[in-house]
Amino acid sequence: MMLLRRTALAAALLGIATLLPAATAHADSASACAAGARSSLAPDPEQGRLSDPRAAAFPERAGFDGFVRRFPAALCGVQDAAGARRLLDTWGEALWQAAVNRAQGRRPGGDLPDRDDRPLYWTRLAMTVQLDAWQPGFPVDRAALKSRFEDASRGLTANEFRGTRGVRRIFVSGFDPFGLDTELRRANPSGSAALQLNGRRVTLADGTPAEIRAVVLPVRYADFDAGIVERAYGPRLAAGPRSADMITSISQGYPGLFTLEAWAGRNRSADPYPDNVRALSGGTPEHPATAPGLGPGAEFLRTSLPTDAMTTVQAPYPVRLNTAVTEIPAGGSAPVDREDGPTPGSRAVAGGGGGYLSNEVAYRSNRLRLELRPGLPGGHLHTPVLTGLPAEADRLTGPEFEGNEAAITAQVLEMLRASGGPAGH
């Protein structure tokens with residue numbers, strides 16, 4: 001079984017049409033299935049953006065169009081539910097590894113910059129449309145299969161630390177692009193950083209070698225409700241030789257600067273700003289809402305990252321420790337902004353990074369850290385907003401955009417390196 005999976009993964013990475021024995025043995029039926037497939041599901045708002053030709057151009061201009069072309073036939077070659085699960089794992093992991101390899105210069109293809117995170121996002125989305133349209137001749141749990149593919153294509157599976165003795169292990173998460181109804185071409189520098197850093201061996205400021213592993217999370221409340229943050233961070237926080245020595249979530253934050261967030265708040269309060277499927281959180285600053293199923297924890301959690309060391313990296317962007325929060329004070333009913341952290345007994349409205357999913361990933365990951373590995377450094381890093389897209393709406397990239405993206409990721413790496421400096425001990 002493991003040999004079959006590895007062979008299939010290698011085939012997918014090489015762009016070979018025949019990925020699984022089932023797809024070869026039933027080529028005729030696969031073609032009929034692919035040609036006759038009709039989705040019974042209406043595309044969600046995220047998938048609906050694929051109707052824009054610019055969205056569909058990202059896979060092709062990154063050399064990922066083979067994934068989109070061949071996926072339907074591979075699906076139609078599956079003979080049972082177990083085979084479907086294996087195939088979704090294999091293709092998801094292959095897409096993730098292809099994106100990592102491309103971001104790190106090991107997979108040439110297309111004319112988009114290597115470090116661009118957008119091809120992974122739009123290719124995955126196109127493949128979920130194909131998965132929704134698939135009509136197998138046997139019962140499947142379609143939602144569970146889609147979740148498997150999402151996890152695998154985001155680095156949650158087959159992406160463990162090597163566990164080499166004497167090498168520190170740093171685990172980070174980034175995010176998909178968001179705000180696409182306003183500007184469809186947007187990228188997310190946190191996702192770009194995750195792809196460029198995943199699997200990298202670096203030397204920290206104190207000379208210690210370190211390995212970085214990363215995942216890219218969706219900007220969707222429903223996925224957070226279903227535990228994707230806990231699935232991502234939980235295995236890396238479990239005790240053992242492959243567990244993390246430091247964790248930090250990363251997201252895009254403020255214009256022109258990095259912020260290390262001192263506090264993460266428990267509640268959602270970003271409405272009316274929607275997520276990528278235009279869903280709302282149910283929480284506003286006046287009426288913050290706790291996410292469904294969120295485990296027990298304090299209203300605010302403080303970072304334990306080595307912020308003194310990490311804020312020594314001040315170029316090309318300034319780096320600040322952000323101690324601000326928004327709270328409803330004990331006995332009060334209206335939100336209050338505070339620059340010096342929360343007061344005792346208050347209800348969380350927003351952490352330093354707001355009341356959206358960047359705050360929530362920080363809260364969820366560090367709530368879990370305090371439960372499983374309370375002595376571990378952990379927190380959240382906001383990158384500068386990525387700017388520089390060309391004014392012409394049909395141009396997907398440009399020199400200023402690419403230069404800014406490169407500079408942000410390079411500084412993320414320098415801040416992670418600084419985390420092992422003397423001030424971080």
Side-chain angles (χ1 to χ4, degrees), residues 1-44 46-51 55-56 58-60 62-99 119-158 176 218 220 223 226 228 277:
M1 187 71 70
M2 184 59 69
L3 179 59
L4 174 62
R5 185 167 172 180
R6 287 174 179 167
T7 302
L9 178 59
L13 288 171
L14 290 171
I16 299 173
T18 303
L19 296 176
L20 292 171
T24 304
H26 299 274
D28 293 339
S29 61
S31 298
C33 170
R38 294 291 185 272
S39 177
S40 60
L41 303 173
D44 63 37
E46 195 170 26
Q47 295 171 329
R49 297 186 189 102
L50 287 164
S51 62
F58 280 106
E60 180 179 355
F64 286 1
D65 48 327
F67 283 96
V68 181
R69 288 198 313 270
R70 296 173 178 132
F71 190 47
L75 282 171
C76 291
V78 174
Q79 301 178 67
D80 54 35
R85 291 191 292 271
R86 290 192 298 271
L87 183 133
L88 269 297
D89 289 344
T90 297
W91 276 77
E93 289 165 8
L95 177 59
W96 168 257
Q97 194 58 55
L120 172 62
Y121 173 76
W122 291 108
T123 303
R124 180 196 301 113
L125 204 55
M127 294 170 75
T128 65
V129 171
Q130 294 170 330
L131 181 59
D132 287 344
W134 177 45
Q135 296 181 356
F138 49 86
V140 295
D141 184 337
R142 198 176 291 272
L145 288 178
K146 190 171 183 178
S147 179
R148 292 181 78 100
F149 178 70
E150 288 275 347
D151 282 9
S153 64
R154 294 179 176 280
L156 273 69
T157 65
D176 284 345
R220 297 187 297 246
D223 294 75
I228 194 168
V277 292

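Note that these values count all heavy atoms, side chains included, but never hydrogens, waters or copies made by symmetry. Remember, predicted model here, so these are calculated numbers, not experimental data.
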Colleague: Only counting residues at least two apart or in another chain, list the ones meeting side chain to side chain donor-acceptor pair (under 3.5 Å) with Glu60.
Modeller: none
Colleague: Can you give me the closest heavy-atom contact between Ala81 and Pro139, atom names plus distance?
Modeller: CB-O, 4.0 Å
Colleague: Please tell me if the side chains of Glu46 and Tyr121 come closer than 4.5 Å, counting only heavy atoms from C-beta onward.
Modeller: yes
Colleague: May I ask you to test the Gln47-Asp44 pair for a side-chain heavy-atom distance under 4.5 Å?
Modeller: yes
Colleague: So, taking the atom named CG in Asp141 and the one named CZ in Arg85, what distance separates them when rounded to the nearest 0.5 Å?
Modeller: 9.5 Å
Colleague: So do the side chains of Trp134 and Pro72 get within less than 4.5 Å of each other, counting heavy atoms only?
Modeller: no
Colleague: How close do Pro218 and Asp176 get, counting heavy atoms only, and between which atoms?
Modeller: CA-OD2, 3.5 Å
Colleague: Provide the closest heavy-atom pair for Asp89 versus Ala152 in the form atom of the first, atom of the second, distance.
Modeller: O-CB, 3.7 Å
Colleague: Run the side-chain contact (heavy atoms from CB on, under 4.5 Å) test on Phe138 and Val78 for me, step by step, so that the C-alpha distance in whole Å, both residues' side-chain angles and the decisive distance to 0.1 Å come before the verdict.
Modeller: CA-CA 10 Å; Phe138 49 86; Val78 174; 3.8 Å; yes
Colleague: Are the side chains of Leu88 and Leu75 in contact, using a 4.5 Å heavy-atom criterion?
Modeller: yes
Colleague: Would you call Asp132 and Lys146 a salt bridge, taking side-chain N to carboxylate O under 4.0 Å as the test?
Modeller: yes
Colleague: Between Gln97, Glu93, Arg124, which is the residue that forms a side chain to side chain donor-acceptor pair (under 3.5 Å) with Ser153?
Modeller: Arg124
Colleague: Minimum heavy-atom separation for Leu50 to Trp122, with atom names?
Modeller: CD2-CE3, 3.7 Å
Colleague: Any side-chain heavy atom of Arg154 within less than 4.5 Å of one from Ile228?
Modeller: yes
Colleague: Which residues pass the ring-ring contact (aromatic ring centres under 6.0 Å, His included) test with Phe149, not counting sequence neighbours?
Modeller: Phe71
Colleague: With rounding to the nearest 0.5 Å, note down the distance linking CG in Leu120 to CZ in Phe58.
Modeller: 12.5 Å
Colleague: Which atom pair, heavy atoms only, marks the closest approach of Ala126 to Val68?
Modeller: CB-CG2, 4.1 Å
Colleague: Within this structure, what is the CZ-CG distance for the pair Phe64 and Leu95, rounded to the nearest 0.5 Å?
Modeller: 6.5 Å
Colleague: Once rounded to the nearest 0.5 Å, what's the spacing between atom CD of Glu150 and atom CG of Leu145?
Modeller: 12.5 Å
Colleague: Do side-chain atoms of Arg142 reach the backbone of Leu131 as a donor and acceptor pair under 3.5 angstrom?
Modeller: yes
